[in-house]
Amino acid sequence: MDDMDEATAWGPAWTGEFDLALRPWGDGDLDAVLRGIADPEFRRWNAITVPTPDEDGARAFLERRAAERGRGTSASFAVTAPAEGPGTVVGSVALSAIDNLHRSARVSYWVLPEYRGRGYAARALEALTRWAFHGEPRLHRLELGHALGNDASCRVAERCSYGLEGTLRGAMPGSDGGMWDIHLHARLAMDPAPDLTARAVR
C-alpha cells in the first residue's frame, strides 16, 4: 500500500491519504488513556469492559495491551493526527480476539471528546482494516459489535462498509447491570473499500 510508510506484524504506521499515524501504545500515553477511559460517554457504552477511570486503570490498560500484543492475540494502537499537532493522540483503534486459524478478529475504537466529529474514528478504522486484510495479519473477516442505541458507533461501521449482519440478544454486559443486545457488523477482505481519505471526509 502506498500510504504505509512502515509496518511490522504489530506496529503499523500510516501517513498520507488518512492524515493519521497509528502506533503501539507507550508509557508516555498515560494521560491520553486516562482521559479516554474516564470519558462519561465512553463509559456509558463500555463501563463493564474497561479499567477503572483513574491512573491505576490507565496503567492497567497499557499493561494489558502490551501483554496481548506479545501473545499475538490483540493489536491496539494510539491514533495520532498531525493536523492537531505533532504526536497528538486523538483516540484508539484495535484488533482483538485475533484467530489466525479462522483468519478473523474483532475491531474497536474510541476518540477523545475534543476530537470527535472530525472523521478520525472512521479513518482510523479504515486504516486498521486495510492493514488487517492486506498487511501482515492477512485476515479474512473482521467483526464489529456495538450496543443498540450507540448510533455514533453504528455510523462509523456503516461508513467503513461493515455491513449489518443482525442483532445478538443479551450479548453484552451493560453499564446498568443488565445484558444488552448488540448489532453485529462485519467486513470481508474481498468487500469493496469505501473512500475515507482525509480529503473525502472533510
Side-chain angles (χ1 to χ4, degrees), residues 3 12-26 28-55 57-58 61-62 65 75-96 106-132 142-162 164 172 174-176 180 182-185 187 193-202:
D3 62 310
W14 279 268
T15 58
E17 64 174 334
F18 295 111
D19 276 2
L20 296 175
L22 275 57
R23 60 165 175 76
W25 291 100
D29 298 316
L30 186 67
D31 179 66
V33 170
L34 177 56
R35 288 187 291 124
I37 65 174
D39 171 50
E41 185 66 10
F42 173 75
R43 298 195 70 81
R44 175 187 177 191
W45 302 112
N46 302 279
I48 302 300
T49 58
V50 296
T52 55
D54 52 29
E55 187 169 311
F61 175 99
L62 292 171
R65 269 55 185 180
S76 181
F77 303 102
V79 180
T80 66
E84 307 296 345
T88 299
V89 175
V90 299
S92 171
V93 69
L95 293 177
S96 62
R106 299 172 188 163
V107 298
S108 59
Y109 44 83
W110 49 262
V111 175
L112 291 169
E114 60 267 35
Y115 301 115
R116 290 176 187 153
R118 306 183 192 183
Y120 288 134
R123 282 152 54 196
L125 176 59
E126 184 61 21
L128 180 77
T129 298
R130 296 189 190 189
W131 172 70
L142 297 177
E143 295 184 352
L144 186 164
H146 65 80
L148 266 65
N150 189 347
D151 296 336
S153 192
C154 198
R155 287 192 296 271
V156 171
E158 292 171 345
R159 291 184 70 185
C160 291
S161 298
Y162 279 73
L164 178 62
M172 175 182 176
S175 56
D176 60 1
W180 292 355
I182 69 171
H183 272 167
L184 175 65
H185 298 257
R187 182 165 148 187
D195 182 7
L196 284 180
T197 62
R199 293 179 297 279
V201 299
R202 285 174 181 160

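One is the number of the first residue; the rest follow in order along the sequence.
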Give the minimum heavy-atom separation between [X] and [Y], together with the two atoms involved.
{"X": "Leu22", "Y": "Ala124", "value": "CD2-O, 4.1 Å"}
{"X": "Ile182", "Y": "Leu148", "value": "C-CD1, 3.4 Å"}
{"X": "Ala81", "Y": "Val90", "value": "CB-CG1, 3.8 Å"}
{"X": "Arg159", "Y": "Gly119", "value": "NH1-CA, 4.4 Å"}
{"X": "Ala157", "Y": "Leu144", "value": "CB-CD1, 3.8 Å"}
{"X": "Met172", "Y": "Ala147", "value": "SD-CB, 4.0 Å"}

Salt bridge (Lys or Arg N to Asp or Glu O under 4.0 Å) against Arg116, all qualifying residues, sequence neighbours excluded | Asp39
Which residues satisfy the salt bridge (Lys or Arg N to Asp or Glu O under 4.0 Å) test with Glu143, sequence neighbours excluded?
-> Arg141
Return the set of residues passing side chain to side chain contact (heavy atoms under 4.5 Å, CB included) with [X] (not counting sequence neighbours), or none when no residue passes.
{"X": "Ala38", "result": "Pro53"}
{"X": "Arg65", "result": "Trp25, Phe61, Ser76"}
{"X": "Leu30", "result": "Glu55, Ala58, Arg59, Leu62"}
{"X": "Asp54", "result": "Thr52, Asp56"}

Could you work out, with side-chain hydrogen bond (donor to acceptor under 3.5 Å, both in side chains) as the rule, every residue matching [X], not counting sequence neighbours?
{"X": "His146", "result": "His185"}
{"X": "Ser92", "result": "none"}
{"X": "Ser108", "result": "none"}

Sidechain-backbone polar pair: Thr80 side chain, Ala21 backbone, donor-acceptor under 3.5 Å | yes
With the side chain counted from C-beta on, respond yes when Leu95 and Val107 share a heavy-atom pair under 4.5 Å apart, and no when they do not.
-> yes
Taking side chain as C-beta onward, heavy atoms only, is Trp110 less than 4.5 Å from Trp45?
-> no
Are Thr129 and Tyr162 linked by a side-chain donor-acceptor pair shorter than 3.5 Å?
-> yes
Could you tell me whether Glu126 and Arg123 have a side-chain N and a carboxylate O separated by less than 4.0 Å?
-> no
Look at Asp29 together with Arg23 and state whether they make a salt bridge at an N to O cut-off of under 4.0 Å.
-> yes
Within residues 148-157 or reaching into it, pairs that qualify as side-chain hydrogen bond (donor to acceptor under 3.5 Å, both in side chains) - sequence neighbours excluded = Tyr109-Ser153
